[in-house]
Amino acid sequence: MKKHSIAFALGAMMIAVGTTANAQSTDYSTAQNNYKNQIVVTLSDNSKKYYNTEDINSIDIDNAKATFNSQGGGSYTFNGNINLLAFAKAVKGNVVITEAKGWQESAYVKFEKFTGANTYNVYVKGGQYAEYTKIDDQLVRDYGSYGRADIVGLKASADYSIRVVPVNDSKVELTANASVVDGISVVNYSREGFAHKTWTKGIGAYNDDGTLKAGARVLYVTKNTAKTIKVNVTTDSKGGVTECVGMQAIIAGYEKGIDTTPITFRIIGMLTADDMDSFGSSEEGIQIKGKKADSELNITIEGIGDDATIGGFGFLVRNSKSVEFRNFGIMRCKDDGISLDTDNSNIWIHNIDVFYGKHGSGDHAKGDGAIDVKSDSKYVTLDYCHFWDTGKSNMFGMKSESGPNYITYHHNWFDHSDSRHPRVRTMSVHVYNNYFDNVAKYGVGATSGASVFVENNYFLKTKKPILSSLQGTDAQGSGTFSGENGGMIKAYGNYFDRTATNFKYYTQANAGSDGYDAYETATRSSAVPETEVTKVGATGYNNFDTDASLMYAYTPDAAADVPAVVTGYYGAGRLNHGDFSYTFKDNVGNDDTDSEYDTVLASMLDSYKSSLVGIFGDENIDSGNPSDTEPGDDNQQPQTGEVFGTFDGEPSNSMFTVVGDYGDGKITYNDVYYKKGVKLNSKGSITFTPSQDVKMTIVLATAKSGRNVKVNGSQTTVGGTENTAGAYYELEPITLTGGTQYVLAKGSEESIVMIVKLTPTAE
């Protein structure tokens with residue numbers, strides 16, 4: 001057998017040598033040193049040895065033997081027990097930090113992955129930390145092409161520093177390669193509103209200054225750990241504990257009413273219904289329940305970063321006090337996204353992205369409720385939430401409440417949503433500084449003796465911004481939203497875009513025989529006269545907002561500033577407005593004030609997956625989405641040539657995700673017969689992401705009249721050639737950008753897509 005000798009070409013070169021025998025002679029290996037060129041020997045037991053290349057002259061390999069010849073003339077032989085021989089080049093330079101920002105009681109840093117690092121230690125200084133303090137390992141995550149760390153629980157300060165230190169396989173910090181970013185500013189969340197009016201101990205697991213409460217439990221929840229996280233919860237009055245395993249099981253342990261230790265569940269990446277240990281509510285999902293009315297729980301559910309998402313379920317809260325939800329998205333929930341149902345108090349819901357719920361029929365096409373507050377829930381604040389085309393957005397009160405159940409609703413973004421912003425029964429609700437952005441049906445609605453103060457809101461293309469049941473606008477025709485007794489609305493300082501189609505709004509100053517929608521006051525502090533009562537039910541306004549013993553301190557923004565504030569960096573929704581983006585029709589030249597179910601948006605939600613790869617050095621998270629593609633690109637493979645996608649009952653290529661039904665098209669294209677295709681109707685869509693720039697050609701069956709297709713809801717293909725002999729219509733090619741997700745949906749009429757051809761533009 002020929003003997004081989006290896007000199008040192010450093011880099012990614014790896015050689016498999018042998019498997020079974022023991023080493024011979026005296027070893028002179030050294031410790032791992034990332035600052036020197038080294039030979040890395042992985043043995044059959046997976047242990048590693050390191051040799052500085054400057055000390056080795058050559059390596060001779062003869063069958064299963066590997067002999068290391070030193071510069072000094074000695075040698076050392078491995079006889080068959082090397083699995084892998086690799087060369088590690090000395091690392092130089094520092095970790096490259098690409099982005100670092102502070103947000104609300106948190107900060108984050110993004111960085112390029114560093115050669116020679118297995119994981120990273122991240123430290124924070126400033127605010128409550130006088131010296132550099134290491135953050136939890138679970139906060140340092142791998143997104144494939146880059147790393148990211150988020151630091152939460154920070155008090156407001158303008159002097160934070162973040163230090164990123166690479167760590168090698170031997171868990172040694174490469175301190176010479178660390179990088180620091182200084183001058184990061186962190187601000188507090190707004191704590192204006194009724195949730196904090198009667199509760200000064202901090203809602204959930206956090207103090208009012210943004211820091212964790214003393215002794216708080218911190219649990220990190222990923223799709224891999226939701227079923228296995230565990231805590232010993234005190235469950236009887238004598239101090240006995242129960243080991244609770246799984247997120248729902250731990251929360252259920254708090255139902256016993258004994259343990260009130262503050263606890264935060266930090267969501268990382270996407271959690272789906274299949275990831276959870278169990279659900280306490282078959283209708284909603286996770287149930288948070290106190291032993292009796294208004295039981296103190298001190299629970300926070302929070303997302304980490306900008307991609308924390310709940311998919312396929314929501315939350316039901318009962319008998320609970322001091323519960324907080326923040327910084328995550330809710331997609332395709334079962335019934336409601338968050339339902340506060342029965343005897344809750346001091347609940348704070350903020351910076352949540354709420355998307356479509358489970359698709360149903362009729363008024364459940366977009367799901368049921370987004371966030372509802374009912375059954376004598378009180379002292380609730382809902383602020384800085386982003387509602388994405390939701391149908392029945394917020395219902396406050398059922399028919400059994402007696403009020404006043406004080407609620408605050410501020411700085412929310414109603415983004416092309418339909419109704420209930422909110423719909424209020426019996427309760428006393430302060431609605432201020434919300435952005436009503438192309439609302440289809442109505443904005444605020446009051447019934448059943450409710451008192452609602454609507455202040456400094458911005459109503460853009462909202463047909464019916466304010467309604468009181470059975471009077472004013474609602475009294476016209478058959479009634480817009482309710483046949484119940486009226487509720488009284490005080491209004492001040494709002495902006496109305498009166499160019500909205502069919503815009504209607506009546507005040508006491510221009511009321512007709514049907515009465516008015518709202519009583520406009522001259523100043524914020526003006527009271528509504530006792531003589532003003534609803535036309536049906538004869539209830540007045542209780543002037544809760546002018547009663548210093550009831551009302552909280554707050555500073556409203558001017559209505560004109562609301563769109564910029566709500567859509568700004570510290571605005572509604574998750575950090576950086578989350579990782580999901582969608583352009584509604586009005587933003588590309590058309591009004592969008594209808595309540596139609598948006599099939600393009602729905603398809604993007606159904607195909608969404610987190611791009612998270614895992615926790616550095618610990619946990620790989622199978623997001624179903626390759627790290628180098630956009631969210632939603634399940635099973636995406638590099639495109640090396642033309643993709644010819646057909647849909648005869650299923651996609652021929654895993655690049656394509658189909659929602660909806662298949663239909664008979666029966667075409668002959670290039671002498672090949674194809675029977676079925678995707679029906680692009682109100683329910684159908686095709687989603688895909690090309691990995692490079694392509695020309696897309698779509699072939700439609702003439703079995704349907706449609707001759708165009710919407711691409712991402714904004715571009716409609718036009719033109720093409722009809723082949724009557726083959727029974728197909730071939731659209732003219734359009735150019736698509738690699739790495740971008742595209743959704744094909746119904747154009748002006750229903751069509752059947754038989755073929756999607758993607759031809760790389762480089763060819």
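- The backbone N or O of K374 sits less than 3.5 Å from a side-chain atom of S377, completing a donor-acceptor pair.
- Each of R191, K201, K155 was evaluated against D208; a single residue qualifies, R191, per the salt bridge (charged side-chain N to carboxylate O under 4.0 Å, His left out) test.
- Within the model, atoms CD1 of I330 and CG of L271 stand 11.5 Å from one another, a figure rounded to the nearest 0.5 Å.
- For T198, the side chain to side chain contact (heavy atoms under 4.5 Å, CB included) partners two or more places apart in sequence, or in a different chain, are N346, Y379.
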Take K490 and E455, measure what salt bridge (charged side-chain N to carboxylate O under 4.0 Å, His left out) needs, and give me the verdict at the end.
CA-CA 8 Å; K490 170 184 172 180; E455 177 187 12; over 6 Å; no
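- Not counting sequence neighbours, the partners of Q104 by the side chain to side chain contact (heavy atoms under 4.5 Å, CB included) test are V187, Y189, N351, Y570.
- N434 places a side-chain N or O within donor-acceptor distance of the main-chain N or O of Y432, the cut-off being under 3.5 Å.
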Decide yes or no on salt bridge (charged side-chain N to carboxylate O under 4.0 Å, His left out) for K366 and D418, but give the supporting numbers first.
CA-CA 10 Å; K366 300 177 181 180; D418 299 343; 2.9 Å; yes
Stepwise salt bridge (charged side-chain N to carboxylate O under 4.0 Å, His left out) test for D335 and K358:
CA-CA 7 Å; D335 189 50; K358 181 180 179 181; over 6 Å; no
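- Side-chain contact between F387 and N412 is present, with at least one heavy-atom pair separated by less than 4.5 Å.
- Each of Y582, Y356, F580 was scored for a ring-ring contact (aromatic ring centres under 6.0 Å, His included) with W388, with one residue passing: F580.
- For E596, the side chain to side chain donor-acceptor pair (under 3.5 Å) criterion is met by no residue, not counting sequence neighbours.
- Taking the side chain to side chain contact (heavy atoms under 4.5 Å, CB included) definition, one finds that P563 meets it with Y435, Y458, sequence neighbours left out.
- Tested against F325 for a side-chain contact (heavy atoms from CB on, under 4.5 Å), the candidates I288, I310, T300, L382 yield a single pass: I288.
- Scanning for side chain to side chain contact (heavy atoms under 4.5 Å, CB included) contacts around D259 gives R217, V233, T234, Y254, T261, with sequence neighbours left out.
- Using a 3.5 Å distance cut-off with no hydrogens or angles, the side chains of D383 and W348 do pair a donor with an acceptor.
- Partners of K213 under the side chain to side chain donor-acceptor pair (under 3.5 Å) rule, at least two apart in sequence or in another chain, are N298.
- Closest approach of D343 and A293 over heavy atoms only: CB-CB, 3.6 Å.
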